[in-house]
Number of protein chains: 2
Amino acid sequence: MKNNLKVERAIHNMTQADLAECIGVSRQTINAMEKNKYVPSTVLSLKIAKRFKKPVETIFFLEDDD
Amino acid sequence: MKNNLKVERAIHNMTQADLAECIGVSRQTINAMEKNKYVPSTVLSLKIAKRFKKPVETIFFLEDDD
DNA sequence: TCTTTACGTAAAGTTTGTTTTACTTTTGAG
DNA sequence: CTCAAAAGTAAAACAAACTTTACGTAAAGA
């Protein structure tokens with residue numbers, strides 16, 4: 001799975017720490033997500049999508065190997 | 001978080017086992033999701049949404065305590 | 001240059017997702 | 001009613017998410 005987090009943060013002018021605080025996780029969690037270190041839970045992706053006012057599918061994408 | 005999985009399965013006339021096989025998890029995983037035993041990963045919710053041809057947000061819902 | 005802010009990263013530890021096996025209960029068709 | 005399919009459940013084991021602490025680097029401004 002890939003994601004657009006970095007771009008969305010840029011659009012909304014937020015740091016990793018801002019986003020982390022906003023959705024209630026650690027900054028390292030946001031960083032690890034952006035670097036594709038792991039797949040977040042559905043609660044996290046729903047929260048992030050809600051924060052950015054976009055569907056989950058426009059921020060997180062399945063890849064062939066998923 | 002809540003979800004509509006049972007309803008969606010009914011609409012598509014699928015058993016838990018059908019859905020499990022289709023997205024590559026065990027039947028117990030589907031069952032546990034329906035019974036709100038845990039929060040699935042974003043890869044799973046994306047796959048399920050794709051299978052049912054609906055946005056993730058129409059199948060999985062944040063609740064106040066999320 | 002010194003300091004601050006943002007980002008990257010890593011290790012250890014806790015929590016939670018997911019599988020496997022296996023058994024019970026419910027439901028629907030015949 | 002009876003049998004089979006579907007759903008519910010549970011425990012043990014393993015994998016992955018997530019936290020905390022902590023340190024390194026680069027950029028930008030005073």
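Lettering follows sequence order; numbering is per chain, from 1. What you see is a predicted model; the values in this text were computed from it and never measured.
Counted by atom type alone, A/Ser45 and A/Thr42 present zero donor-acceptor pairs between their side chains at under 3.5 Å.
A/Lys50 is linked by a salt bridge (Lys or Arg N to Asp or Glu O under 4.0 Å) to nothing, counting only residues two or more places apart in sequence or in another chain.
In this model, a side-chain donor or acceptor of B/Arg27 finds a partner on the base of D/dA7 within 3.5 Å. Between the base of C/dT5 and the side chain of A/Gln16 there is no donor-acceptor pair shorter than 3.5 Å.
In this structure, the side chain of B/Asn31 does not engage the main chain of B/Gln28 through any donor-acceptor pair within 3.5 Å.
Within the structure, a side-chain polar atom (N or O) of B/Asn31 is placed less than 4.0 Å from OP1 or OP2 of D/dG8. OP1 or OP2 of C/dC7 has at least one side-chain nitrogen or oxygen of A/Arg9 nearer than 4.0 Å.
The other residues sharing a hydrophobic cluster with B/Val7 are B/Ile11, where clustering joins ILVMFWY side chains under 4.5 Å apart.
Contact record, B/Arg9 with B/Phe52: N-CZ, 4.1 Å, taken as the closest heavy-atom pair.
The interatomic distance linking A/Glu21 (CD) with D/dT19 (P) rounds to 13 Å, in whole Å. The interatomic distance linking A/Met14 (CE) with C/dC7 (P) rounds to 11 Å, in whole Å.
Using a 4.0 Å cut-off on heavy atoms, the residues of residues 32-55 of chain A that approach DNA chain D are A/Tyr38, A/Val39, A/Pro40, A/Ser41, A/Leu44, listed by number.
The residue A/Ser26 sits close to a base: some heavy atom pair falls under 4.0 Å.
Checking B/Ala17 against A/Gly24, the closest nucleotide of DNA chain D that is more toward the 5' end is the one next to B/Ala17.
A salt bridge links B/Glu8 with B/Lys54; the closest basic N to acidic carboxylate O contact falls under 4.0 Å.
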